[in-house]
2 protein chains.
Amino acid sequence: MSPESRREQLLELGTQLLSTRTLDEISIEVLAEEAGISRGLLYHYFGNKQDFHLAVVRRAVEQLVAITAPRDIEDPLEQLAVSIGAYLDYVVENYTGYVSLVRAAAGGNEELRAIYEEGRRALTDRIFEVTGPAGLDALGLSDSPTMRLLVNGWAAMLEVVIIDWVHDPRGIAREDLLGRLARALPGIVLA
Amino acid sequence: MSPESRREQLLELGTQLLSTRTLDEISIEVLAEEAGISRGLLYHYFGNKQDFHLAVVRRAVEQLVAITAPRDIEDPLEQLAVSIGAYLDYVVENYTGYVSLVRAAAGGNEELRAIYEEGRRALTDRIFEVTGPAGLDALGLSDSPTMRLLVNGWAAMLEVVIIDWVHDPRGIAREDLLGRLARALPGIVLA
DNA sequence: GCGCTTGTTGAACAACCGTCAATAGCGTTA
DNA sequence: TAACGCTATTGACGGTTGTTCAACAAGCGC
């Protein structure tokens, strides 16, 4: 098998296994057996277990960022809501995998978290890039350490609320939720 | 040594080690050696490594909830800020251990997360208990699934922002931060 | 003293990570 | 076609660590 497809196969398999186990519960042994290869071969493609974990998470984050491409809409809040909606839809369609990814990144070591936070950063940055300067002003945003702190907190809130809501969508309709989450940003930074 | 004190010794030791290592980096081997006992004895007190982890986290969460007892102040927002302040102070004084705890809980298995979320639930519930019905109304709160969803998100935001701020307090003063975090709650739920 | 419970140990077993020398398949070139 | 090199792949070995278990010892009631 060609190196590329083999690498891809192993990463894909790792991502799949992530749905049922924690990241470090995926033993090289089980993975190799599941893939029909020897343990040694895994060390040929990835230096060690840690590197394999990094590769799996990196791939998943890249997919997430790639799939949730933003649209361009006039009203800043509406635009924000649509972007959040795309993100939410992705979570809906990949619930178990997404949850596993978040948990793995949150509980992992520094490198793992760095990869994940970089991805989150890319998502939030993109949301604001699409929003023009005038729109940012309308949202009460400016670039300062405090704002970055609060926006980061808002993003963390997004993740938790979205996971909770996808887990049990009763209580509030999708559109209502998106509106509330979008308006929560100025609600926080202007408070 | 009496069973109680031995259990306590082991849990305390586990909590201490949590400051320098990840939860599952605490090997039974090192723990036993550090405590001056054999590995086998650990299995006499705790069924397995997993159970030991659960006990350590449970104890740490209980301490956290116990230490951050609320005071009673007239103004709801002021009261909220003070409660958050007590929480923040705890994080400042136990930074590395607290971070390890949060990460371990976030990345751990279902049981671990359940324990942690129960603790967070106790913290938020307590904040609202202390606040009277009139105060809750002033904060824009009521008891509905949507509110619980958003309040949970607000709590998640608190955790992230507080960890970030303790890690690097430049950019905003403590009192300012507490005020913003408190006002963020009505900012979110009234948005 | 005798049996019973229980804290405690150390050895043995099992699972798993990581290494490495060896092999086998395959394309290239003389 | 045969020799050669490259590389994907293997299988065995060593070391660490979680887990089990039979045995020991120390206290305690009878």
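Values below: every heavy atom of this structure, side chains too, minus hydrogens, waters and symmetry copies. Each chain gets a letter, A, B and so on, in the order its sequence line appears, and its residues count up from 1.
In summary, the side chains of A/Thr68 and A/Arg126 do present a donor paired with an acceptor at a separation below 3.5 Å, with no hydrogens or angles considered. For the residue pair A/Glu25/B/Asn109, the side-chain donor-acceptor check at 3.5 Å is not satisfied.
Between atom CG of residue B/Leu177 and atom CG of residue B/Leu88 there is a gap of 6.5 Å, rounded to the nearest 0.5 Å. A distance of 11.0 Å separates CG in B/Leu136 from CE in B/Met147, rounded to the nearest 0.5 Å. Between A/Ile172 atom CD1 and B/Arg148 atom CZ the span is 15.0 Å, to the nearest 0.5 Å.
Tested against B/Tyr87, the residues B/Leu181, B/Val82, B/Leu158, B/Ile162 include a single side chain to side chain contact (heavy atoms under 4.5 Å, CB included) partner, B/Ile162.
Considering only the side chain of B/Arg39, C/dA12 comes nearest among C/dG7, C/dA12, C/dG18.
Ring-plane geometry between B/Tyr95 and B/His167 is classed as parallel, the angle between the planes falling under 30 degrees on a 0 to 90 degree scale with a further cut at 60.
If one axis is set at each end of the helix from C/dG1-D/dC30 to C/dA30-D/dT1 from five pairs, those axes are 20° apart, to 10°.
Of the residues in residues 46-58 of chain B, those with a non-hydrogen atom less than 4.0 angstrom from any atom of DNA chain D are B/Asn48, B/Lys49. Taking every heavy atom of residues 6-36 of chain B and every atom of DNA chain D, pairs under 4.0 Å involve B/Ser27, B/Ile28, B/Glu29, by number.
Nucleotide C/dC26 holds its P atom 14 Å from the CE atom of A/Met1, rounded to whole Å. Between B/Tyr43 atom OH and C/dC13 atom P the separation is 17 Å, expressed in whole Å.
Under the 4.5 Å side-chain heavy-atom criterion for ILVMFWY residues, a single connected hydrophobic cluster contains both B/Ile188 and B/Leu190. Residues B/Leu42 and B/Val30 do not share a hydrophobic cluster, defined by chaining ILVMFWY side chains whose heavy atoms lie under 4.5 Å apart. No chain of hydrophobic side-chain contacts below 4.5 Å, direct or via other Ile, Leu, Val, Met, Phe, Trp or Tyr residues, connects A/Leu112 to B/Val160. Under a hydrophobic clustering in which Ile, Leu, Val, Met, Phe, Trp and Tyr are joined whenever their side-chain heavy atoms come within less than 4.5 Å, directly or via other members, B/Leu18 and B/Ile67 fall into the same cluster.
Look at B/Tyr45 and you'll find a side-chain N or O under 4.0 angstrom from OP1 or OP2 of C/dT8. OP1 or OP2 of C/dT8 has not a single side-chain nitrogen or oxygen of B/His44 nearer than 4.0 Å.
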